[in-house]
Asks: 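Quick one: the structure is below, and I'll ask about it shortly.
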Protein chains: 2
Amino acid sequence: MMTFSSFFIRINSMKDPILDVIVSDIIQGLYKPGDKLPSENFLAEKYSTPRIKIRKAYEILEDMGYIYSRQGKGRFLRPKHSKMELVINGNESFTQKARTQGLDLKTINIISQKIEYNNKIFKVLNAEKNEDVYHIKLLRIINKNPVAIHSSFIKGRLVPEIGVVKEKILSMYDFLKKSGFSKLESEKTIMSVTLPTLHEQELLCCSPLVPLILFESKTIDGQKQILLYSKILYRSDSFQYVINH
Amino acid sequence: MMTFSSFFIRINSMKDPILDVIVSDIIQGLYKPGDKLPSENFLAEKYSTPRIKIRKAYEILEDMGYIYSRQGKGRFLRPKHSKMELVINGNESFTQKARTQGLDLKTINIISQKIEYNNKIFKVLNAEKNEDVYHIKLLRIINKNPVAIHSSFIKGRLVPEIGVVKEKILSMYDFLKKSGFSKLESEKTIMSVTLPTLHEQELLCCSPLVPLILFESKTIDGQKQILLYSKILYRSDSFQYVINH
DNA sequence: CGAGCTTAACTTGTTGCCAAGTCAGGTTTA
DNA sequence: TAAACCTGACTTGGCAACAAGTTAAGCTCG
């Protein structure tokens, strides 16, 4: 029978509270964007702890994107991201959502090609092993900030014109509509949280510890046919996520 | 007009790919739980990079909870968490969900008290300034692993018996049902991702970089009356999150 | 007296080196 | 001959010292 206090011996190490203190100061509005944060030496002395500990705390905040650092100058608070409202169990396309909220959305098609056989993807799509399956990858940019990566996989058989127009696709939803499919909806979405790979950091212009939310889903049409397998990566700091019941 | 390639100058620093390489090896199943990972010195030599860079990459993995470290021995891969399925737009209570999946759920009531005036909470609950508002905080433990923190706020006026039984509450849903409320549902949930505070790390027995998912919502009854304001913190690595459409 | 230069005091960034811990093989002892 | 001890080679952990960059105050020069 596990008691409350016995949990503590489960922890490998008990870190000191410096990170919490700094974050708390930031949250309480002690600093505004652009303000300089206290130096490593100052905090090391204040908390009677080695400078390297302060550094580690600051580096986490930096890697999470909250602050930036300039050698010789100091560390500064970054402006907060403005957040787009995203209803995660809604059926509006991303493009429509941004339009509805009057946001400046730009989309860049960064991958549009046939893929080699992949067991999971081909299985999800009910594709034959030697069948054409296309991968379309879009980068979503709102108000000049990259905020999301949309990866979609679709059988060429369903949309034969994709071979010609694939590089021009800027919305899978619109593309499917134009191809004659109707009553598009998501079947069931699996959500998880990850940290960005180096490539994702490059694409999303984000630092290494900005959590990303991954939504994996299948898009079906009115006849319950699976059209798309999609993996959408959103920056967690660029959206206000809403769940309607 | 922002072009694709101009994004790269937006990035403060371009980290080297060591973390990606190690993570990739782990994901590909190169190591199984308990296996020893290559030493700092080995990788530093392999990638011709200072040892401290390897250490930083390993420390991130450690702080994310994927590996553990033993001075003099090395670093080892932790077992993966088993995941409970959690439908985030469903109306089943957490307790019911765990039962349905045959999981061993234990709940500990860690806070049960009246709170001082708090503008946001009192406003959400439509509470008067001098009114009793109770805070119930539950720690959820599944198969001996703490996985979630449920914080709920409720007006004492709605459930006068709470003053007597507050320390015994182990499910707000059940408590409300017993108090005579019916047709409970969540109004609209706001979701965000955070990293755990020190205290949250203690409660959830998790390391500092395990992302937590925060769900904020109001629970209403059949008459649309706001009963509860809840903030639920889940470990992102302990659940498979499902969204039904 | 203003502009330019210098320098000390500060800032963050990097790294070599020492500390602490583990373990296997070799040596000593009973 | 088996158990205990020792030691070198390895591991992660910690940090002081040096490197690189910034800036403001003081000094010098035209």
Side-chain angles (χ1 to χ4, degrees), chain A residues 9-19 21-23 25-26 30-78 198 201 207-209, chain B residues 9-19 21-23 25-26 30-78 198 201 207-209:
Chain A
I9 63 175
R10 294 284 308 275
I11 304 183
N12 282 348
S13 58
M14 199 59 82
K15 314 286 183 185
D16 50 70
I18 291 165
L19 184 57
V21 172
I22 301 173
V23 168
D25 288 346
I26 292 174
L30 196 58
Y31 307 102
K32 54 184 193 303
D35 276 3
K36 186 178 179 305
L37 299 168
S39 75
E40 292 177 2
N41 287 328
F42 177 83
L43 290 180
E45 195 176 328
K46 181 178 182 184
Y47 295 110
S48 302
T49 193
R51 188 182 142 206
I52 196 71
K53 293 248 175 93
I54 309 294
R55 148 118 6 126
K56 184 166 177 182
Y58 268 145
E59 277 178 348
I60 289 177
L61 287 179
E62 194 170 343
D63 286 348
M64 287 170 73
Y66 289 112
I67 65 176
Y68 64 92
S69 184
R70 293 290 176 268
Q71 180 168 344
K73 289 189 73 167
R75 290 186 169 97
F76 304 86
L77 187 64
R78 283 193 195 275
L198 198 60
Q201 290 170 50
S207 37
L209 295 183
Chain B
I9 61 173
R10 296 281 310 274
I11 304 183
N12 282 347
S13 59
M14 199 60 80
K15 313 287 184 186
D16 50 72
I18 289 164
L19 184 56
V21 172
I22 300 173
V23 168
D25 287 346
I26 291 173
L30 195 57
Y31 306 103
K32 54 185 193 301
D35 276 5
K36 186 176 179 305
L37 300 168
S39 74
E40 292 176 1
N41 288 328
F42 176 84
L43 289 182
E45 194 174 330
K46 182 177 178 181
Y47 296 112
S48 300
T49 194
R51 185 182 144 206
I52 195 68
K53 292 247 175 93
I54 310 294
R55 176 178 300 183
K56 184 169 177 183
Y58 269 145
E59 277 176 350
I60 288 177
L61 288 180
E62 194 170 343
D63 286 346
M64 287 169 74
Y66 290 113
I67 65 178
Y68 62 92
S69 183
R70 292 292 176 268
Q71 181 168 347
K73 287 187 73 164
R75 290 184 169 95
F76 304 86
L77 188 64
R78 281 192 196 278
L198 197 62
Q201 291 169 49
S207 36
L209 294 184

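Order of the sequence lines sets the chain letters (A, B, ...), proteins ahead of strands, with each chain counted from 1.
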Asks: Can you name the residues that form a salt bridge (charged side-chain N to carboxylate O under 4.0 Å, His left out) with B:D35, not counting sequence neighbours?
Replies: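 For B:D35, the residues satisfying salt bridge (charged side-chain N to carboxylate O under 4.0 Å, His left out) (neighbours in sequence not counted) are B:K32.
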Asks: I need the B:N41 CG to B:R55 CZ distance, nearest 0.5 Å.
Replies: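 Between B:N41 CG and B:R55 CZ, I get 9.5 Å after rounding to 0.5 Å.
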Asks: Closest heavy-atom contact between B:A57 and B:L19?
Replies: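 Taking B:A57 first and B:L19 second, the nearest heavy atoms are O-CD1, 3.6 Å.
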Asks: So does B:S39 get a side-chain nitrogen or oxygen closer than 4.0 Å to the phosphate oxygens (OP1/OP2) of D:dC10?
Replies: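 It does not, given that no N or O in the side chain of B:S39 lies less than 4.0 Å from OP1 or OP2 of D:dC10.
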Asks: Specify the separation, in whole Å, of atom OH of B:Y68 and atom P of D:dT11.
Replies: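 So the two atoms are 17 Å apart, to the nearest Å.
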Asks: Please determine which of B:K53, B:K46, B:R51 meets the salt bridge (Lys or Arg N to Asp or Glu O under 4.0 Å) test together with B:E40.
Replies: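 Option passing the salt bridge (Lys or Arg N to Asp or Glu O under 4.0 Å) with B:E40: B:R51.
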Asks: Just to confirm, is there a sub-4.0 Å distance from OP1 or OP2 of D:dT12 to any side-chain nitrogen or oxygen of B:K73?
Replies: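 Negative; the distance criterion is not met.
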Asks: Heavy atoms of chain B, cut-off under 4.0 Å: which first and last nucleotide of DNA chain C, 5' to 3', fall inside that, if you could look?
Replies: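 Span of nucleotides near chain B: C:dT15 to C:dC23.
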Asks: Considering only heavy atoms from C-beta outward, does the side chain of A:L61 approach that of A:I26 to under 4.5 Å?
Replies: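 In contact.
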Asks: Measure distances between side-chain N and O atoms of B:R70 and base N and O atoms of D:dG13, and say whether any donor-acceptor pair falls under 3.5 Å.
Replies: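 No.
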Asks: Is any side-chain heavy atom of B:I67 closer than 4.5 Å to one of B:I22?
Replies: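 The answer is no; the side chains never approach within 4.5 Å.
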Asks: Send over the distance from A:K53 NZ to D:dG14 P, rounded to a whole Å.
Replies: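 Atom NZ in A:K53 sits about 6 Å away from atom P in D:dG14.
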Asks: Nearest whole Å is fine: how far is D:dT12 C1' from B:F42 CZ?
Replies: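 Checked: the CZ to C1' distance equals 17 Å.
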Asks: Which whole-number value in Å describes the distance from A:R55 CZ to D:dA20 C1'?
Replies: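 Result: 12 Å.
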Asks: On DNA chain D, check which nucleotide each of B:I52 and B:N41 is closest to and give me the residue with the more 5' one.
Replies: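 Its nucleotide being nearer the 5' end, the pick is B:N41.
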Asks: Is the shortest heavy-atom distance from the side chain of B:I60 to the side chain of B:M64 under 4.5 Å?
Replies: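 Yes. Closest side-chain heavy atoms under 4.5 Å.
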Asks: Kindly calculate the angle separating the two end axes of the helix from C:dC1-D:dG30 to C:dA30-D:dT1, each obtained from five base pairs, and round it to 10 degrees.
Replies: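 End axes: 40° apart.
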Asks: Under 4.0 Å, counting only non-hydrogen atoms across every strand here, what does A:R51 touch: a base, just sugar-phosphate, or nothing?
Replies: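 The residue A:R51 makes base contact.
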Asks: Answer whether the closest heavy-atom distance between the side chains of B:Y66 and B:S207 falls below 4.5 Å.
Replies: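 No - every pair of side-chain heavy atoms lies 4.5 Å or more apart.
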Asks: Evaluate side-chain contact (heavy atoms from CB on, under 4.5 Å) for B:E62 paired with B:Y58, printing each intermediate quantity in order.
Replies: CA-CA 6 Å; B:E62 194 170 343; B:Y58 269 145; 5.6 Å; no
Asks: When the distance from CD of B:Q71 to P of D:dG14 is rounded to whole Å, what number comes out?
Replies: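 Spelled out: CD on B:Q71 to P on D:dG14 is 7 Å.
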